[in-house]
Amino acid sequence: MSVNQKPAFIFKSASEVELVHNIQEPVFDIAQLAHVELLSPKPEETVRFFTDILGMEVSSREGQSIYLRAYEDTYHHSLKVTESREAGLGHASWRATSPNALLRRVEAIKASGLGKGWIEGDLGHGAAYQFATPDGHRMELLWDIEYFQASEEQKTNLLNRPQKRPGRGVPVRRLDHINLMAADTVKNTSFFTDALGFRLTEQIVDPSGKVLGSWLSVSNLVHETAFMGDPTGSSGRFHHVCYWYGVPQNLFDVAELCKENDIFIELGPRKHSISQALCLYVYEPGGNRVELFGDAGYLIFDPAWQPVIWNNVNDVSERGIGAGFAESYWNYGTPAPAKVSEPVKV
């Protein structure tokens with residue numbers, strides 16, 4: 001589809017409106033990705049990567065979990081690292097736009113049959129409704145949140161920033177998005193659009209009509225989440241979490257720091273075709289893939305935006321700038337698959 005398609009409604013005059021095709025009223029009940037829990041078999045090494053290399057702050061420690069945030073994250077934490085036998089996604093947390101919006105989405109999730117029920121809360125937030133994607137990824141939806149309060153040493157002169165920029169590593173600024181692997185991209189995409197109110201922004205569809213990947217958003221960003229087909233046929237695996245810099249040079253700085261500290265760099269720095277963002281992919285010591293954004297890519301302000309459809313997966317790789325995607329990008333996820341099929345060839 002073209003990004004220059006006609007709007008869904010054509011106003012011929014002040015008294016006449018022609019409906020070109022049926023369109024679903026947009027839902028603005030989810031505001032943002034609030035935090036992500038990563039599972040790690042090497043939690044202390046994982047935390048050192050996020051603090052020493054990416055300059056993040058430890059907010060709290062409780063039980064087998066460590067809570068962290070970037071210096072422009074406004075909440076108590078945006079990342080929870082929990083000790084586990086295998087790497088992967090613990091859960092992702094979404095914040096609603098209001099208490100009533102939370103209740104509306106809870107009813108929609110219940111109707112889908114994917115709801116798990118309410119919890120009293122966790123460190124840094126109040127009551128949350130737990131649910132799963134059709135693929136089994138654990139998630140929660142919440143409203144009540146604890147805001148970060150800077151210590152005297154952390155306070156900044158910038159009144160619009162939660163704390164001063166840390167003086168270690170190459171500090172990331174905020175949580176950006178998550179990417180999930182799925183056995184069935186269509187079911188997961190439909191759940192996010194129908195039950196949660198996300199809009200589909202970009203998609204890869206092969207010549208046979210099979211959906212290989214979907215990118216979805218609740219804001220002006222190109223995506224806060226994505227689903228990519230898992231070539232192993234496994235369900236509920238994790239592809240990556242992304243943190244944002246906003247300064248392209250930071251990608252080269254952190255890439256050099258990763259090289260000197262034996263952090264595996266999978267791809268980049270390069271410019272994506274999907275999202276058009278400048279990016280870098282690395283594996284943290286626990287095995288999870290982490291993406292770093294050097295800028296925001298393009299932003300979407302058109303309320304009648306139509307999804308951009310890519311019909312050739314090779315174009316996604318080749319039309320970006322810089323080295324193309326490695327096979328591991330399409331095949332590697334956490335935890336390791338229970339069954340292994342032929343890897344994707346790109």
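Computed from heavy atoms alone, side chains included, the values below leave out hydrogens, waters and symmetry copies. Position 1 is the first residue of the sequence, and the numbers go up from there.
The other members of the hydrophobic cluster of F301, by chain and number, are L221, L299 (side-chain heavy atoms under 4.5 Å, ILVMFWY only).
Residues meeting the ring-ring contact (aromatic ring centres under 6.0 Å, His included) test with Y332, sequence neighbours left out: Y283.
For the residue pair H239/E291, the side-chain donor-acceptor check at 3.5 Å is not satisfied. Side-chain contact, E37 with H77: no donor N or O sits under 3.5 Å from an acceptor N or O. In summary, the side chains of E140 and H125 do present a donor paired with an acceptor at a separation below 3.5 Å, with no hydrogens or angles considered. Between the side chains of Q163 and R69, at least one donor N or O lies within less than 3.5 Å of an accepting N or O. Side-chain contact annotation: Y245 with D253, donor-acceptor N/O pair under 3.5 Å absent. In the model, N100 has no side-chain atom that pairs as donor or acceptor with a side-chain atom of S98 under 3.5 Å. Looking only at atom types and distance, the side chain of E202 has no donor-acceptor partner in the side chain of S275 under 3.5 Å away. Checked by atom type, the side-chain pair E318/N314 shows no donor-acceptor distance below 3.5 Å.
With rounding to the nearest 0.5 Å, the separation of CG in D135 from CZ in R237 is 10.5 Å. A distance of 14.0 Å separates OH in Y281 from CD1 in I265, rounded to the nearest 0.5 Å. Going from atom OG1 of T74 over to atom CG of L175 covers 10.5 Å, rounded to the nearest 0.5 Å. From S93, atom OG reaches atom CD1 of I145 across 6.0 Å, with rounding to the nearest 0.5 Å. Note: Y129 OH to L103 CG = 11.5 Å, rounded to the nearest 0.5 Å. With rounding to the nearest 0.5 Å, the separation of CZ in R174 from SG in C242 is 8.5 Å.
With respect to K155 and E152, a salt bridge is recorded, a charged nitrogen being found less than 4.0 Å from a carboxylate O. Using a 4.0 Å cut-off between charged side-chain N and carboxylate O, R61 and E44 make a salt bridge. The pair R319-D315 counts as a salt bridge, with a side-chain nitrogen and a carboxylate oxygen less than 4.0 angstrom apart.
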Evaluation steps, side chain to side chain donor-acceptor pair (under 3.5 Å), between Q64 and T82 = CA-CA 6 Å; Q64 300 300 107; T82 299; over 6 Å; no
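For E256, the CD atom is loosely surrounded, since the number of other residues' heavy atoms within 6.0 Å does not exceed 12. More than 12 heavy atoms of other residues, nucleotides or ligands shown are found within 6.0 angstrom of NZ on K110.
The backbone N or O of T51 lies less than 3.5 Å from a partner atom in the side chain of R168, making a donor-acceptor pair. When atom types are taken as modelled, the side chain of D295 and the backbone of G246 share no donor-acceptor pair closer than 3.5 angstrom. Checking side-chain atoms of K271 against main-chain N and O of Q276 turns up a donor-acceptor pair under 3.5 Å. Of the possible polar contacts, one joining the S59 side chain to the H76 backbone as a donor-acceptor pair under 3.5 Å is found. Under a 3.5 Å cut-off, the side chain of T201 and the backbone N or O of V222 do form a donor-acceptor pair.
Both tests hold for R270 against F325: distance to the six-membered ring centre under 6.0 Å, angle to the ring axis within 45°.
By the 30° and 60° cut-offs, the orientation of the rings of H137 relative to F227 is tilted. Ring geometry, F198 versus W94: the interplanar angle exceeds 60°, so the pair is classed perpendicular (tilted spans 30 to 60°).
F148 and I66 are not part of a single hydrophobic cluster, where members link through side-chain heavy atoms under 4.5 Å apart. Taken together through direct or relayed side-chain contacts under 4.5 Å among Ile, Leu, Val, Met, Phe, Trp and Tyr, W215 and Y243 form parts of separate hydrophobic clusters.
Residues E224 and I30 have side chains not in contact (no heavy-atom distance under 4.5 Å, counting atoms from C-beta outward).
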